[in-house]
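Following: one structure in structure tokens, then a few remarks.
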Protein chains: 2
Amino acid sequence: MKILIIEDEPALAQAMTTYLEQEGNLCETAATFEEAWLKSGVYEYDCILVDIGLPGGTGLDIIRKLKKEHKQAGIIIVSAKDSIDDKITGLEIGSDDYLPKPFHLAELNARIKALLRRRKFGGEPQIRFREIVVDPQKQEVLVNEMPIRLTRSEYALLLYFLANPNRVLTKESVAEHLSGDSADLLDTIDFIYSHIKNLRKKLMDAGAGDYIKSVYGMGYKWSVT
Amino acid sequence: MKILIIEDEPALAQAMTTYLEQEGNLCETAATFEEAWLKSGVYEYDCILVDIGLPGGTGLDIIRKLKKEHKQAGIIIVSAKDSIDDKITGLEIGSDDYLPKPFHLAELNARIKALLRRRKFGGEPQIRFREIVVDPQKQEVLVNEMPIRLTRSEYALLLYFLANPNRVLTKESVAEHLSGDSADLLDTIDFIYSHIKNLRKKLMDAGAGDYIKSVYGMGYKWSVT
DNA sequence: TTTGGACTATGAAAATTCTAATTATCGAGG
DNA sequence: CCTCGATAATTAGAATTTTCATAGTCCAAA
């Protein structure tokens, strides 16, 4: 297992290296994002640990870049910032876990293992439901083999339903899911009516079944009969 | 310290209660969201622990509800789901921390303490920068005491800049930040030009300084001189 | 200093999201 | 079985986001 450690505090980097190598891994360290970028261009890593606290860039950029080049690598953010904002953004951007400082080396190790276990099984394949196939990679949806064009909202909606078949989803939770917004107080959630309608129409027009049932007073359900 | 534990596994609920009461807290448990909802209507809690794995709702709805009624309470998600999606959504929805199962009771306790410490000092006050004042609660922005109206994107952009003054933010990271999208492969990021332009205009029209500098070949910087 | 190519700005149109008003539907209680 | 109030669907349009084509600016090399 090859691990890249991006960390500018030499003592910590050293400690991490020592511990993780004891566990049977091979580690490299980089003290700056530039160095990390160079190394990552040369080697393939299974896991990359990034301290987003270092100077020279927000640290989030590098994750995006790394994610692109090293699709197979798991990325774990390590950070002293306890700001939730950074946490969210890090995860959104494509890191796979977040470990706030200070942490026990044992926990770090556990997370690395968990991450790679997770990653091993199923690398986000297609999602299928009868005549509907969703390819999350390409953000493409096929109905009866024919591609249909969905807007971002419709796509998110469809995925949410497919992830929760036969389960009543409240209008509230649907609304939260759509408006990626940190959803403090959505004053109104009527907008989901529109999206529901549009998604229904596009699916039906393409010849798919009518799976979105409204549950009076509750919300909606992707109904599998 | 009054804590509400929403957890349907009796053994775990019991263990959590015992441990946390030893630490000097007062705990209540609820095995279902409904029960939790009822209790939360009667008592005020300082902290609420939610297992989003329980049946009957996605678990995220309840967080939203609780957040609304118990603004002062810290909410920590506890979950066996290792799906990153849930993690993100939970944090976005308004929970304050996320603790994956299994966990040590000591870690839970540590997080509760950390949360309340964080919460104690400044409950997300205003953000000020010279003539600009942002009130995250109200999502309102004042320039020279006069409110200005920003769209969601412009607001997010402004906050991102204010959080990173005098620091070059790449176009990529700005784009990721705006399109709340899990940003896999944004085909184009030109749209930020528009948002930058609009934000600049609104700020200048309101009489604020011209702090957004473009850094050739790099990105943008909120320039404090 | 000039020039060319890459980067950034701008304005307007297209697409999408969200709002608001109206109409239709549900289901409990009479 | 009806009626009424609440919930959902529909529609059109306003607001916002995103794209696109065009124009301007910067930097480096000649």
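In what follows, chains carry the letters A, B, and so on, assigned in the order in which the sequence lines appear, proteins first and then strands, with residues in each chain numbered from 1. Quick caveat, the model's predicted, so the values are computed rather than measured.
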Taking only side-chain N and O atoms of Lys171(A), does any of them lie within less than 4.0 angstrom of OP1 or OP2 on dT7(D)?
no
Tyr211(B): ring-ring contact (aromatic ring centres under 6.0 Å, His included) partners, not counting sequence neighbours:
Phe129(B), Trp222(B)
According to ring-ring contact (aromatic ring centres under 6.0 Å, His included), who are the partners of Tyr193(A), at least two apart in sequence or on a separate chain?
none
Taking only residues two or more places apart in sequence or in another chain, which ones pass side chain to side chain contact (heavy atoms under 4.5 Å, CB included) with [X]?
X         : result
Ala156(B) : Leu178(B)
Val215(A) : Val168(A), Met218(A), Lys221(A)
Leu159(A) : Ile127(A), Val134(A), Tyr155(A)
Lys197(A) : none

Once side chain to side chain donor-acceptor pair (under 3.5 Å) is applied, do any residues pair with [X], and if so which ones, sequence neighbours excluded?
X         : result
Lys201(A) : Asp205(A)
Asp210(A) : none
Lys171(A) : none

To the nearest Å, give me how far apart [atom1] ([X]) and [atom2] ([N]) are.
X         : N       : atom1 : atom2 : answer
Glu154(A) : dA15(C) : CD    : P     : 14 Å
Tyr193(A) : dA8(D)  : OH    : P     : 5 Å
Met218(B) : dA6(C)  : CE    : P     : 16 Å
Ile196(B) : dA9(C)  : CD1   : P     : 7 Å
Glu172(B) : dC7(C)  : CD    : P     : 11 Å

Passing candidate, side chain to side chain contact (heavy atoms under 4.5 Å, CB included) with Glu7(B), options Leu49(B), Val50(B), Leu12(B)
Leu12(B)
Nucleotide-resolved protein contact map, nucleotides 18-30 of chain D, B/S/- at heavy-atom distance under 4.0 Å
BB------BS---
Is there side-chain contact between Leu150(A) and Asn198(A), with at least one heavy-atom pair below 4.5 Å?
no
Checking contacts here: which listed nucleotide (dT10(C), dT16(D), dA8(D)) is nearest the side-chain heavy atoms of Arg149(B)?
dT16(D)
If you take any heavy atom closer than 4.0 Å to DNA chain C, which residues from residues 199-213 of chain A end up in contact?
none
Just need the stems in DNA chain C: three or more back-to-back Watson-Crick or G-U pairs, each with both distances under 3.5 angstrom, sorted by first number.
C:1-30 with D:1-30
